[in-house]
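When a residue number appears, it is its place in the shown sequence, counting from 1. Indexing begins at 1, ligand by ligand and atom by atom, following the structure's order.
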Amino acid sequence: MISNFIKTIMEEDLKSGKHDKIITRFPPEPNAYLHIGHARAIITNFELAKCFDGDTILRFDDTNPAKEEKRFMDAIINDIKWLGYTPKRITFGSDYFDEDYNLAVKLIKEGKAYVDDLTKDEMKEYRGTLTEAGKPSPYRDRSVEENLKLFEEMKEGKYAPGEKTLRLKIDMSSSNLNMRDPAIYRIIDKEHAHTGDKWKVYPLYDYAHPLQDAFEGITHSLCSLEYVEHRPLYDWVIDNTNPPSIPRQIEFGRLNIEGTILSKRYLKELVDKGLVTDYDDPRMPTLVGLKRRGFTPESIKEFVLSTGLSRINSEIPFNSIDHFLMDDLKLKVNRRMAVLNPIKVVITNYPEERIEYFDFPNNLENEELGSRKISFSNTLYIEREDFVPEKPNNKFKRLSLGAEVRLMGAYFIKAESCDYDENGNVTTIYATYDPETLSGSGFNARKPQGTISYVDAKTCKKAKFNLFESLLKEDDNAELPLEERINPESLKVVEGFVEEAFDATPEVKCQIMRNGYYSNDYTSKDGDIVVNRTVSLKQSFK
Ligand code: ATP
Ligand code: MG
């Protein structure tokens, strides 16, 4: 259950009668795919509203037609649905363009806004700095009539982008730079996805956002910490427009993840430069990337909730999500045997033509998942790291020459000898099996050195395993160009084998025993199995 400082505020606001229903919103700009930082904002808004039987609105902040795209909107809607949330309504910042405009006209009439001809650079120069007051624009004292006429002409498309802006007349010497006559309308000459070519002027975030909140009856407008400095302006807009309801902005800390950067600009650069395959590359911190890698919505939700919520930005190691995925899938998915880095084992005393099938539970911890057949023949594969010719020490629980191990679900085998290639790598192990030792037979005359997994070379299927590491190098240096910051080990593709019962269907998840949790890639199919390792069970098996 969610519990944080914002919940306390909401409780008080309900108790005091300030509000009788909590209404929150998630307001993404549809100019990129969502990342796991956005998940914090989504989860916070939806979960808090849910606590009080309130509503959450998904509002697309589509006030800049130069950057926004339909495909991003669709992706955002899907991501939110995937996380398990249903917005009460889906709205658009552009739904309120008429009201925004009318209120701007009203502000002009009250002498609280003016049309400025300064360029963007000049405006910046006039704005001053933290230690130096700003200078008033030479256009600051235009008459109401002139401002009304110019704003109207801006709207009609009489001026080019950048030629004029509408600014609030607040205080050029305010200690808060955002209050030094912020621009609230700019000219953009682009077709808008919803309003077409109706508008040539578009409201800026600091003006449009509080109004949208107020029009929708948002009670608590939650946003990340960088908006603290904008709150006085948020309140100014509300105080000076007399809207139907009074929203309150509350800021929370951003979620950052070590080894990656959660910013749209960076994600776009990764895609544009071809450093990842696309926004859904499994190494990406986007929700579509995490999904493709195999993370479940439940694991993401539990992870995000576990990071808490405070007024401090948090930086969390990415692998702290791993155990949430394991907790979620442990009893839910089948466990399968696979060999990623195979060595061939020939069982010299097993008849060459014979194949035996044994029943083996799909999940040793959850009977309800039933069982499947695994096979055994005279040619098998085991994991290369499961064989060391000379037993290195007494703790060694895998196969070595002269010793016995159990092959999971099958027999004991004893390694008798092995072949090497010219580099000294083992190529084939020759072993014998003991027919008395079949798993489940009750055999207990001897104990094997350990239990290892295997696949039967005669029935197994080829598979490609994508193994992931952090996208950025461990000693990441933000000064370097992005292409030099990428960890060359971030994707390793390994070709190996999976047991016959392995289901190749896209998105199906399983635990590969003793290895990790895997999810079939979207491209996976029978005959061309591609699996993404979501999390590894062990960092190193050594
Ligand atoms: P940009 O990269 O352009 O700053 P943004 O990540 O702020 O974009 P928006 O579409 O404006 O993108 O974000 C929607 C909401 O998600 C905002 O309320 C923002 O505060 C919140 N948000 C974005 N990133 C994080 C993060 N890392 N942690 C928590 N909340 C976030
Ligand atoms: Mg933003």
Side-chain angles (χ1 to χ4, degrees), residues 2 4-6 23-49 56-69 71-77 79-80 83 85 87 90-94 203-206 208-210 212-213 216 218 220-231 234 247-272 279 284-290 300-301 303-318 321 482:
I2 196 163
N4 57 51
F5 71 103
I6 303 178
I23 303 181
T24 62
R25 88 288 171 264
F26 175 63
E29 187 174 3
N31 61 352
Y33 283 79
L34 299 181
H35 53 62
I36 189 157
H38 291 116
R40 173 180 276 186
I42 294 169
I43 291 167
T44 301
N45 277 294
F46 278 92
E47 290 294 330
L48 281 170
T56 302
I57 293 171
L58 166 60
R59 184 203 307 140
F60 286 110
D61 173 19
D62 63 344
T63 50
N64 181 357
K67 287 199 294 181
E68 293 140 16
E69 288 179 39
R71 68 172 171 136
F72 296 132
M73 283 191 195
D74 294 341
I76 290 170
I77 291 172
D79 283 344
I80 293 173
L83 284 177
Y85 298 113
I90 298 178
T91 63
F92 297 86
S94 58
L204 281 140
Y205 179 90
D206 281 331
H209 202 83
Q212 293 157 5
D213 285 343
E216 292 181 347
I218 304 300
H220 300 81
S221 176
L222 315 181
C223 58
S224 40
L225 218 48
E226 69 273 22
Y227 292 101
V228 170
E229 290 286 300
H230 296 248
R231 187 170 3 116
Y234 184 101
R248 169 175 175 189
Q249 173 177 309
I250 305 172
E251 309 83 17
F252 57 80
R254 281 177 94 89
L255 171 63
N256 298 315
I257 302 290
E258 285 171 14
T260 185
I261 306 167
L262 299 183
S263 103
K264 290 170 170 176
R265 204 182 47 83
Y266 157 87
L267 299 176
K268 185 168 178 341
E269 195 181 334
L270 286 170
V271 173
D272 290 348
Y279 283 97
M284 290 282 266
T286 50
L287 293 177
V288 281
L290 293 165
I300 291 177
K301 222 155 102 176
F303 165 68
V304 167
L305 289 173
S306 78
T307 64
L309 193 72
S310 72
R311 300 202 66 214
I312 300 171
N313 293 332
S314 44
E315 172 107 5
I316 313 278
F318 182 62
I321 191 173
L482 198 49

Quiz prompt | Among E68, K67, R71, the one residue meeting side-chain contact (heavy atoms from CB on, under 4.5 Å) with P30 | solution = E68
Quiz item: Taking N or O atoms only and a 3.5 Å limit, does E29 qualify as a polar contact for ligand 1?
Solution: yes
Quiz item: Heavy atoms only: which of E226, H38, H35, K264 is nearest to atom 10 (O) of ligand 1?
Solution: K264
Self-check item: Partner residues of F72 under the ring-ring contact (aromatic ring centres under 6.0 Å, His included) criterion, sequence neighbours left out
Solution: Y33
Quiz item: What atoms of ligand 1 come closer than 4.0 angstrom to any heavy atom of P28?
Solution: 10 (O), 14 (C)
Quiz item: Near F26, which atoms of ligand 1 are under 4.0 Å from a heavy atom of that residue?
Solution: 14 (C), 15 (C), 16 (O)
Quiz prompt | Nitrogen or oxygen of L255 less than 3.5 angstrom from that of ligand 1 | solution = yes
Quiz item: Of all the atoms in ligand 1, which lie at a distance below 4.0 Å from a heavy atom belonging to S224?
Solution: 19 (C), 20 (O)
Quiz item: Would you say the side-chain atoms of D62 pair up with the backbone N or O of S94, donor to acceptor, closer than 3.5 Å?
Solution: yes
Practice problem: State, to 0.1 Å, how close N45 and T56 come at their nearest heavy-atom pair, and which atoms those are. | Solution: O-OG1, 3.3 Å
Practice problem: Check each atom of ligand 1 against the heavy atoms of F252 and keep those under 4.0 Å away; list them by number with element. | Solution: 29 (C), 30 (N)
Quiz item: Which of these passes side chain to side chain donor-acceptor pair (under 3.5 Å) with S221: R248, R25, Q249?
Solution: R25
Quiz prompt | Residue list, side-chain hydrogen bond (donor to acceptor under 3.5 Å, both in side chains) with Y279, at least two apart or on another chain | solution = none
Quiz item: Would you say the side chain of T44 lies within less than 4.5 Å of the side chain of F26, judging by non-hydrogen atoms?
Solution: no
Exercise. Using a strict cut-off of 4.0 Å, indicate which atoms of ligand 1 neighbour a heavy atom of A41.
Key: 16 (O), 21 (C), 30 (N)
Quiz item: Counting both backbone and side chain atoms, is some N or O of R254 under 3.5 Å from an N or O of ligand 1?
Solution: yes
